[in-house]
Amino acid sequence: MAALRVFPLLSVCLLLVHQAFAINDAPCQLSKGNNAFNNFKKRHIPSDTPTTLDQNQWMNFIKNNGDCSRPTQSFLHPSDLHRVMAVCTSKGGATYKENMCISRQLFSFVTVRSEPGTCGIRSVKEETKHLILACNELSNECLPVHFEGNPQDLKPSNNAKGCQDPRTGDAPSFKLTWLCLLSVLLVIIYNCRN
């Protein structure tokens, strides 16, 4: 009998843990990381990036910005900020998978590869590809929060749904997993018996 009394509490805990570690399954859903867009800009669209492909300049840039731990880093042109933000809208992006959208237009950006744990630069390369970005709702706006690599040079599907702005009401809702559904069902059954 004591186990039945503990069950509702355990179910609620499981639901909370699931929500805490959940990744949005569709673009433009609420995000707990309210600083995620600013972190994205700092990592991928800093205003002081080198305008050359010179490895020494990029090594100094990465050292001064304190992120030698990431072996691959991509940097977009600061003048493209509004185009990058538009990837998270129906007009600028198409749904790719989970909370990611792929840009409808090509973007040029610089990819820097370095030795892990050091700032030793292995390569600096300008690339032109479709961007794959994770998009979450922050302050009532759908914004990029993560830059995903596109090594296969993927392009948006003509049949893909547009990356949805939550204000249109077309953003998919968060799907509950079978564990959440089972937990809710068991709580309801338990409460009906008592």
Side-chain angles (χ1 to χ4, degrees), residues 18-53 58 61-62 65 67 70-113 124-177 180:
H18 172 76
Q19 290 297 324
F21 292 105
I23 294 176
N24 289 343
D25 68 339
C28 305
Q29 293 180 352
L30 286 175
S31 173
K32 291 183 175 83
N34 60 1
N35 204 30
F37 176 61
N38 290 331
N39 290 337
F40 173 85
K41 285 193 308 185
K42 182 179 176 187
R43 278 189 169 182
H44 301 291
I45 316 175
S47 59
D48 55 348
T49 54
T51 56
T52 175
L53 298 179
W58 279 99
F61 173 76
I62 290 174
N65 288 295
D67 205 353
R70 295 170 48 223
T72 302
Q73 301 183 58
S74 296
F75 300 93
L76 295 147
H77 300 288
S79 61
D80 283 337
L81 176 62
H82 293 290
R83 285 183 59 221
V84 171
M85 291 169 62
V87 173
C88 295
T89 67
S90 291
K91 185 177 179 183
T95 300
Y96 173 59
K97 66 178 181 179
E98 296 169 347
N99 68 332
M100 294 188 211
C101 295
I102 187 166
S103 65
R104 295 188 188 278
Q105 297 179 358
L106 292 168
F107 283 79
S108 292
F109 56 93
V110 174
T111 299
V112 179
R113 297 196 189 321
V124 177
K125 178 179 167 186
E126 183 155 20
E127 301 185 68
T128 301
K129 295 182 178 182
H130 291 272
L131 299 183
I132 298 175
L133 305 176
C135 299
N136 288 343
E137 182 184 341
L138 304 161
S139 302
N140 294 322
E141 189 173 4
C142 189
L143 296 168
V145 296
H146 172 73
F147 185 111
E148 183 74 15
N150 187 357
Q152 287 86 30
D153 198 16
L154 299 172
K155 294 161 182 45
S157 166
N158 291 336
N159 299 325
K161 189 175 178 183
C163 189
Q164 300 298 317
D165 184 326
R167 289 170 289 173
T168 65
D170 295 333
S173 61
F174 190 85
K175 291 181 200 166
L176 293 176
T177 64
C180 288

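Nothing fancy with the numbering, it's 1 onward along the sequence.
- To the nearest 0.5 angstrom, Asn140 atom CG is 8.5 Å from Leu30 atom CG.
- Separating the CG atom in Asp80 from the NE2 atom in His44 is a distance of 14.5 Å, to the nearest 0.5 Å.
- Looking at every heavy atom in both residues, Pro144 comes nearest to Phe37 through O-CD1, 3.2 Å.
- Summarising the geometry of Asp153 relative to Thr128, their closest heavy-atom pair is OD1-O, 4.5 Å, with the distance given to 0.1 Å.
- Contact between Gly162 and Thr95 at its shortest, heavy atoms only, is O-OG1, 3.3 Å.
- Remark: Glu148 CD to Cys101 SG distance equals 12.5 Å, nearest 0.5 Å.
- A donor-acceptor distance shorter than 3.5 angstrom exists from the side chain of Gln73 to the backbone of Asp67, with no hydrogens or angles considered.
- Of the possible donor and acceptor atoms, none in the side chain of Ser139 sits under 3.5 Å from a partner among the backbone N and O of Glu141.
- Contact between Pro46 and Phe61 at its shortest, heavy atoms only, is CG-CZ, 3.6 Å.
- In this structure, the side chain of Arg104 engages the main chain of Ser90 through a donor-acceptor pair within 3.5 Å.
- Atoms CG and CG, on Leu76 and Leu133 in that order, are 7.5 Å from each other to the nearest 0.5 Å.
- Residue Thr111 is tested with Glu126, Lys125, Glu127 for a side chain to side chain donor-acceptor pair (under 3.5 Å); the sole match is Glu127.
- Of all the heavy atoms in Val84 and Ile45, the pair that sits closest is CG1-CD1, 4.1 Å.
- Judged by a 6.0 Å distance limit and a 45° cone about the ring axis, Arg43 is not positioned over the six-membered ring of Phe147.
- Shown here for Ile102 and Val87, the closest heavy-atom pair between the two residues is C-CG1, 4.2 Å.
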side-chain contact (heavy atoms from CB on, under 4.5 Å) between Lys129 and Phe109, intermediate numbers included: CA-CA 8 Å; Lys129 295 182 178 182; Phe109 56 93; 4.1 Å; yes

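- Expressed to the nearest 0.5 Å, how far SG of Cys142 lies from CE of Met85 amounts to 10.0 Å.
- Note that NE2 of His146 and CG of Asn39 are 13.0 Å apart. Values are rounded to the nearest 0.5 Å.
- In this structure, Asn150 contributes its side chain and His130 its backbone to a donor-acceptor pair below 3.5 Å.
- Listed for the Trp58 side chain is no donor-acceptor partner under 3.5 Å among the backbone atoms of Thr49.
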Audit row: Cys28, Cys88, disulfide (SG to SG under 2.5 Å) steps and yes/no: CA-CA 7 Å; Cys28 305; Cys88 295; 5.9 Å; no

